[in-house]
Amino acid sequence: MSSTLPAPERVAERAKEIMSAFEADPEFDAFCAAALKYDEAWTCFTGFPVIANWDLDADKRPLLTEGLRALSLKAAVYELGGQDEDMTEIPVAVPVDEMMHAMIAQPQLLDRIARRIGVSVIHQTDKEHHDYVPGDFTHKAYMAAWGEPNARYWVDHTEAQRRLQILDAKYEAAGFLRSGKAHRIDFAAA
């Protein structure tokens, strides 16, 4: 991380303002409905499944809140940190990152809301960090804004990697290779 990151407390204060403005926007409910409807496309093998006893129906709404908080933190870092896109990609837990993908898959709604509230939403897959750990910059800023993050969704990097190894073994036993990036199912057999 760059040494020019703004203070976590400043980021927290601004992130809370951004989150409040986002929730007050007239299209917020439509945005949430669209992001939650994305559940038909939620087929990631390495994001949401690291959540213990993952259940889409039970977990999607709390994850939406966590994703909005993460986007708000990132927007605050971007604004307060001199609009540095690289610095803005602060560490985020894998499940929360997956939820952000569901939200940015609603580009028109997200763009209109962001323009109305005067923020930039920054999320670039090739620059994102999944190395979130309690005590890091993201954790400190989150704590200052909303208190302790929900550990169910904010799975630290080491634990997420351990869980991914378990999932990989189970996927492979079912014929899915490389965390679902390939499989051995030919569909010819009945």
Side-chain angles (χ1 to χ4, degrees), residues 1-23 35 42 44-56 58-104 110 114 117 119-169 179:
M1 294 265 82
S2 169
S3 62
T4 59
L5 276 165
E9 298 77 20
R10 286 184 62 217
V11 169
E13 182 180 319
R14 182 63 182 127
K16 287 192 317 187
E17 293 169 356
I18 291 168
M19 181 88 171
S20 292
F22 207 95
E23 291 171 326
W42 291 0
C44 178
F45 284 69
T46 58
F48 297 128
V50 302
I51 297 170
N53 299 302
W54 161 245
D55 181 330
L56 174 66
D59 289 313
K60 66 183 177 181
R61 286 202 176 275
L63 262 171
L64 180 71
T65 298
E66 297 305 328
L68 286 167
R69 289 176 175 177
L71 282 179
S72 296
L73 287 170
K74 290 172 67 170
V77 169
Y78 183 73
E79 181 180 304
L80 298 171
Q83 300 183 338
D84 180 333
E85 291 181 13
D86 292 332
M87 180 178 30
T88 300
E89 289 296 349
I90 58 176
V92 176
V94 171
V96 177
D97 180 68
E98 281 302 317
M99 187 65 215
M100 288 191 299
H101 291 185
M103 292 186 297
I104 62 176
L110 184 57
I117 67 174
V119 299
S120 294
V121 175
I122 305 298
H123 190 83
Q124 190 163 327
T125 303
D126 66 336
K127 294 181 180 183
E128 65 190 12
H129 295 279
H130 297 134
D131 51 351
Y132 165 80
V133 293
D136 70 7
F137 177 85
T138 304
H139 184 254
K140 289 175 185 172
Y142 187 107
M143 285 277 297
W146 300 288
E148 187 66 42
N150 186 334
R152 176 166 176 73
Y153 307 116
W154 287 88
V155 180
D156 78 50
H157 179 72
T158 302
E159 178 61 13
Q161 293 305 304
R162 185 187 76 80
R163 292 178 185 189
L164 285 171
Q165 288 178 347
I166 293 166
L167 287 169
D168 279 344
S179 296

Q: Applying salt bridge (Lys or Arg N to Asp or Glu O under 4.0 Å), name anything that partners E159, two or more places apart in sequence or on another chain.
A: R162, R163

Q: Going from CD1 on I104 to CD1 on I122, what distance comes out if it is rounded to the nearest 0.5 angstrom?
A: 11.0 Å

Q: How long is the gap from CH2 on W54 to OH on Y153, to the nearest 0.5 Å?
A: 7.5 Å

Q: Of all the heavy-atom pairs spanning P91 and T138, show the shortest one and how long it is.
A: O-OG1, 2.6 Å

Q: Taking side chain to side chain donor-acceptor pair (under 3.5 Å) as the definition, give me every residue that meets it alongside H139, ordered by chain and number, with sequence neighbours left out.
A: E148

Q: Looking at L73 and A15, what are the two nearest heavy atoms and their distance?
A: CD2-CB, 3.7 Å

Q: At their closest point, which heavy atom of A114 faces which heavy atom of V121, and how far apart are they?
A: CB-CG2, 4.0 Å

Q: Could you walk me through whether T65 and N150 satisfy the side chain to side chain contact (heavy atoms under 4.5 Å, CB included) test, starting with their C-alpha distance in whole Å, then the side-chain angles of each, then the deciding distance to 0.1 Å, before giving a yes or no?
A: CA-CA 11 Å; T65 298; N150 186 334; over 6 Å; no

Q: Around D55, counting heavy atoms of other residues, nucleotides and ligands shown, do more than 12 lie under 6.0 Å from its CG?
A: yes

Q: Could you check whether any side-chain heavy atom of L71 comes within less than 4.5 Å of a side-chain heavy atom of F22, counting everything from C-beta outward?
A: no

Q: Going by the rule side chain to side chain donor-acceptor pair (under 3.5 Å), which residues pair with R10 if we only count those two or more places apart in sequence or in a different chain?
A: none

Q: Report the residues that fulfil salt bridge (Lys or Arg N to Asp or Glu O under 4.0 Å) with D59, sequence neighbours left out, ordered by chain and then residue number.
A: R152

Q: E23 versus S72: any side-chain heavy-atom pair under 4.5 Å?
A: no

Q: What donor-acceptor contacts under 3.5 angstrom involve side-chain atoms of residues 140-147, with partners at least two apart or in another chain?
A:
residue, atom, partner, partner atom, Å
Y142, OH, E66, OE1, 2.7
Y142, OH, E66, OE2, 3.3
Y142, OH, R69, NH1, 2.7

Q: Could you check if a side-chain atom of Y132 sits within less than 4.5 angstrom of a side-chain atom of P149, using non-hydrogen atoms only?
A: yes

Q: Looking at H157, is its backbone amide N or carbonyl O close enough to the side chain of H130 to form a donor-acceptor pair, meaning the two atoms are under 3.5 Å apart?
A: no

Q: To the nearest 0.5 Å, how far apart are CZ in F137 and CG in L5?
A: 4.5 Å

Q: Quick one: CG on L68 to CE on M19, what's the gap to the nearest 0.5 Å?
A: 4.5 Å

Q: Under the ring-ring contact (aromatic ring centres under 6.0 Å, His included) definition, can you give me all pairs with a residue in residues 68-91, not counting sequence neighbours?
A: none

Q: Check whether any side-chain heavy atom of M99 lies under 4.5 Å from a side-chain heavy atom of V92, and answer yes or no.
A: no

Q: Does the side chain of L80 come within less than 4.5 Å of V11's, by heavy atoms?
A: yes

Q: Within the 4.5 Å heavy-atom criterion, are L64 and K60 side-chain neighbours or not?
A: no

Q: Please name the pair of heavy atoms, one in V119 and one in R14, separated by the smallest distance, quoted to 0.1 Å.
A: CG1-NH2, 3.8 Å

Q: At their closest point, which heavy atom of S120 faces which heavy atom of A75, and how far apart are they?
A: O-CB, 3.5 Å

Q: Quick one: do K74 and V77 satisfy side chain to side chain contact (heavy atoms under 4.5 Å, CB included)? Show the steps, please.
A: CA-CA 5 Å; K74 290 172 67 170; V77 169; 5.6 Å; no

Q: Look at atom CD of E13 and say whether more than 12 heavy atoms of other residues, nucleotides or ligands are closer to it than 6.0 Å.
A: no

Q: What are the two closest non-hydrogen atoms of I18 and I117, and how far apart are they?
A: O-CD1, 4.0 Å

